[in-house]
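I have placed the structure first, in the form of structure tokens, so that the comments after it can refer back to it.
Remember, it's a predicted structure, so these values are computed and weren't measured experimentally. Whatever order the structure lists ligands and atoms in, that order sets their numbers, starting from 1.
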Amino acid sequence: MESAWEAVKALASGFAVTFVHLFRKPITEEYPEYKRPLPARSRARIILTRDPDGGERCVACFLCSAVCPVSCISMEAAEREDGRRYAPWFRINFARCIYCGLCEEACPTSAIQLTPDYEFCKQDILTFVYEKEDLLVDHQGKDKEYNFYKYAGIVTEVGDKGEHMREEKPVDVRSNLP
Ligand code: SF4
Ligand code: SF4
């Protein structure tokens, strides 16, 4: 008898919730006329960003490519005369990408970033292969301040070893010997 009473109470509370919703105003979002703003950290279309001084952030270190679980990133590495590395070509196959964000996590320079732009569906699967010119943007994306070459300790036009931000002067290892 007690379990029957419990079942009736559960049913009544369920119907009560339904009954309350009968008098609520419906919330219908008319997509695509209304597009719900997504958080900045949403994971959709990928971009390659630039440093605050306009230089390409990607140093062609292959970390994003190595960590990608579906192997959809490929590139070539090259080096300028001043020692700054870059990718002459950089390719992402969005038909394979699962938008996991691991490439962004692995990137030491904040170059590769996922954005909330999810509206790039196409019928022709071959058009999902994006080249560097389709990926590279003229801004810093989510990371407005970071400039890898000002922290990296690499001799470039920014400075010699020991002249970068929060970097100690090089130590003469012989000075540690007895
Ligand atoms: S989001 Fe994931 S699947 Fe897509 S390119 Fe980055 S690591 Fe690869
Ligand atoms: S996007 Fe980032 S992780 Fe990928 S190669 Fe360039 S610097 Fe390295």
Is the backbone of [Y] close enough, under 3.5 Å, to the side chain of [X] for a donor and an acceptor to pair up by distance?
X	Y	result
T115	R45	yes
S175	V171	no
K132	R91	no
D117	E119	yes

Ligand 2 atoms in contact with M75 (distance to a heavy atom under 4.0 Å):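 That gives atoms 5 (S) of ligand 2.
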
F62: numbered ligand 2 atoms lying under 4.0 Å from its heavy atoms: 5 (S), 8 (Fe)

With a 4.0 Å cut-off, would you call [X] and [Y] a salt bridge?
X	Y	value
E163	K150	no
E29	K35	no
R84	D51	yes

Part of I112 within contact of ligand 1 (heavy atoms, under 4.0 Å):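 For I112, no heavy atom sits under 4.0 Å from ligand 1.
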
Within reach of ligand 1, part of I98 (heavy-atom separation under 4.0 Å): both

Closest approach of any protein heavy atom to atom 2 (Fe) of ligand 1, naming residue and atom: C100 SG, 2.2 Å

Shortest protein contact, atom 8 (Fe) of ligand 1 (heavy atom only): C68 SG, 2.3 Å

Counting each atom of ligand 1 from 1 as listed, which ones have a heavy atom of [X] under 4.0 Å away?
X	value
Y99	1 (S), 4 (Fe)
V70	3 (S)
P69	7 (S)

Note, I73 side chain near F62 side chain (heavy atom, < 4.5 Å): no

Ligand 2 versus A60: contacting region, heavy-atom distance under 4.0 Å: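 The answer is the backbone.
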
Ligand 2-proximal atoms of V59, by part, heavy-atom distance under 4.0 Å: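 It is both parts that get close, each with some atom under 4.0 Å.
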
Candidate with minimal heavy-atom separation from atom 6 (Fe) of ligand 2, of C64, C58, C61, C107: C58

From the candidates C72, S71, C97, the one that places a heavy atom nearest atom 4 (Fe) of ligand 1: C97

Whether V67 lies under 4.0 Å from ligand 1, heavy atom: no

I73 heavy atom under 4.0 Å from ligand 1: yes

Same apolar cluster: L102 and L114, side chain cutoff 4.5 Å: no

Stepwise side chain to side chain donor-acceptor pair (under 3.5 Å) check, R57 with T49: CA-CA 6 Å; R57 274 179 165 157; T49 60; 3.0 Å; yes

